There are 2 protein chains.
Amino acid sequence: MTRRTFHRAPEGERRQELIEATLDSIAEFGLKGATVRQIALKAGVTAGLVRHYFDSKDQMVADAYRLVLSTFAVKAIEVDGDARARLRGFISRNLTAPVANGRSLSLWASFISQVRVDPELAAIHREGYLGFRNDLQGLIADLLAAEGKPHGEAECRRLAIAINGMIDGLWLEGCLAGELFEETELVSIALASAEALLGLPLGPLEQNTDAS
Amino acid sequence: MTRRTFHRAPEGERRQELIEATLDSIAEFGLKGATVRQIALKAGVTAGLVRHYFDSKDQMVADAYRLVLSTFAVKAIEVDGDARARLRGFISRNLTAPVANGRSLSLWASFISQVRVDPELAAIHREGYLGFRNDLQGLIADLLAAEGKPHGEAECRRLAIAINGMIDGLWLEGCLAGELFEETELVSIALASAEALLGLPLGPLEQNTDAS
DNA sequence: GCGGAAATTATTCAACCGTATAATAACGCC
DNA sequence: GGCGTTATTATACGGTTGAATAATTTCCGC
């Protein structure tokens with residue numbers, strides 16, 4: 001009848017572990033299967049601990065959604081270089097891991113299916129998605145200006161919608177059936193298609209030179 | 001303590017009502033909230049009735065997924081006319097109701113998030129999604145041939161991936177934020193983009209002349 | 001500084017209440 | 001009377017709770 005031994009996690013670490021375990025559970029078992037007990041099991045703690053770190057399970061899930069969106073949001077501003085390089089980088093980074101893989105799609109679908117139900121998730125969603133297409137539209141306007149082919153806002157908007165749609169759709173295809181594509185196939189298709197839509201060359205596929 | 005009166009539903013009708021109520025509940029409350037009680041309430045019957053028509057709740061949900069996929073699958077073969085008209089119709093029908101709306105996205109996301117978890121749903125999924133891009137690739141090959149610009153299979157595949165991605169992505173955008181777009185805006189963007197990708201004119205936006 | 005007692009708090013544990021699905025009994029229309 | 005439908009029950013599992021306890025930090029006399 002001895003109590004199970006445990007170790008006290010350092011400052012803030014356990015909270016992070018619980019959020020990660022929440023995402024793992026949702027990706028693996030769906031929202032229905034991501035019970036407090038299941039999540040605690042994955043995190044290697046007992047269920048009661050969840051409410052030591054979060055006001056409720058729902059709040060923990062909401063925090064987990066924030067984390068997902070922050071890894072998805074490859075902000076335009078995070079890409080360096082001239083207008084062309086920035087658009088290339090934006091497209092490329094949105095179509096490769098960790099943004100594009102099966103786990104991401106599972107998580108994304110799980111949360112999207114709840115956005116219409118849960119007002120708190122809806123607020124997080126709105127916040128996270130606002131600006132994604134605006135970033136892209138800004139990149140496109142910059143590029144057209146730099147190439148000496150400036151266009152009005154309406155045309156930039158149409159281009160941004162089309163290219164954004166293509167990125168989203170290729171992301172979907174990559175997540176749903178990533179094993180059917182070569183490593184860089186989707187990215188090069190996206191770049192070539194963006195060229196066709198813009199009527200501009202974007203240059204060769206950028207190699208990933210991140211130091212990280 | 002009198003028992004509530006009821007009426008016998010005609011042959012097969014009740015079953016269909018229950019499936020519709022299942023989809024309505026999933027769209028409105030998510031998979032978690034789509035309980036047998038909730039579904040029965042929406043259908044105007046009591047919970048016990050479900051097991052009279054289905055072996056279990058899971059089986060009812062699976063049947064509901066079959067219905068969703070059948071309304072999504074706008075088969076290429078269902079569109080008439082020459083190669084250009086068929087491609088136009090394929091794009092147009094996939095980007096307007098009932099395929100494209102918020103409810104469809106909620107349902108789609110709910111099921112997609114479960115496909116990796118539930119083997120039965122996975123089987124239904126595989127069956128339903130196979131062939132969508134193949135249909136599109138066939139349409140593209142036909143069109144290029146008809147226009148006297150035939151291409152090899154590899155090139156047709158690339159074009160099909162890109163255009164399919166764009167359709168999926170615009171579908172997503174339309175579902176997520178349909179109120180931000182004009183009625184036919186997404187369709188015309190898709191058609192113009194397909195023209196740019198193919199390097200071919202597709203002609204004016206087709207009016208819906210369905211007799212149905 | 002240093003060992004150990006006292007305070008703190010992270011974690012476990014067992015039980016609670018609500019609600020889910022499944023199963024079965026009771027009922028009433030055809 | 002038979003079958004479709006409802007009402008009731010059984011069983012299981014969900015999130016949450018508060019008391020008990022182990023791990024860590026703080027404090028204090030030396």
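The shown structure was predicted, so the numbers you read here are calculated from the model rather than taken from an experiment.
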Below 4.0 Å: OP1/OP2 of D:dG4 and any side-chain N or O of B:Tyr53: no

d(CG, A:Leu31; P, D:dG14) in whole Å: 14 Å

Show every donor-acceptor pair shorter than 3.5 Å between a side-chain atom in residues 154-166 of chain B and any protein atom, with sequence neighbours excluded, or say none if there are none.
residue  : atom : partner  : partner atom : Å
B:Arg157 : NH1  : A:Glu185 : OE2          : 2.6
B:Arg157 : NH2  : A:Leu180 : O            : 3.2
B:Asn164 : ND2  : A:Glu173 : OE1          : 3.4

Nucleotide C:dA10, atom P - distance to CD of A:Glu13 in whole Å: 14 Å

Donor/acceptor link under 3.5 angstrom from A:Arg14 side chain onto base of C:dA10: no

Counterpart residues, salt bridge (Lys or Arg N to Asp or Glu O under 4.0 Å), relative to B:Asp168 (two or more places apart): none

B:Phe90/B:Phe132 aromatic ring centres below 6.0 Å: yes

Nearest-Å distance for atom pair CD/P, residues A:Gln38 and D:dG14: 9 Å

Out of C:dC13, C:dT21, D:dG14, whichever nucleotide has its closest atom nearest the side chain of A:Thr46: C:dC13

Closest to side chain of B:Arg51, choosing from C:dA23, C:dC13, C:dA20: C:dA23

Separation of atom CZ in A:Arg15 from atom P in C:dT11, rounded to whole Å: 13 Å

Between P of C:dG18 and NZ of A:Lys57, the distance in whole Å: 19 Å

Straight-line distance of B:Leu18 CG to B:Asp63 CG, nearest 0.5 Å: 11.0 Å

Phosphate OP1/OP2 of C:dA10: any A:His52 side-chain N/O under 4.0 Å: yes

Short side-chain N/O contact to C:dT21 OP1/OP2 from B:Arg37, under 4.0 Å: no

Atom-to-atom span, NE2 of A:His7 to C1' of D:dA22 - whole angstrom: 13 Å

DNA chain C: 5'-proximal contact among B:Lys32 and A:Leu49 (nearest heavy atom): A:Leu49

Reported CD1-to-OG distance for the pair A:Ile26 and A:Ser106, which is rounded to 0.5 angstrom: 10.5 Å

Distance in angstrom units between A:Leu41 CG and D:dC13 P, rounded: 15 Å

Value in whole Å for how far the C1' atom of C:dA22 lies from CZ of B:Phe54: 16 Å

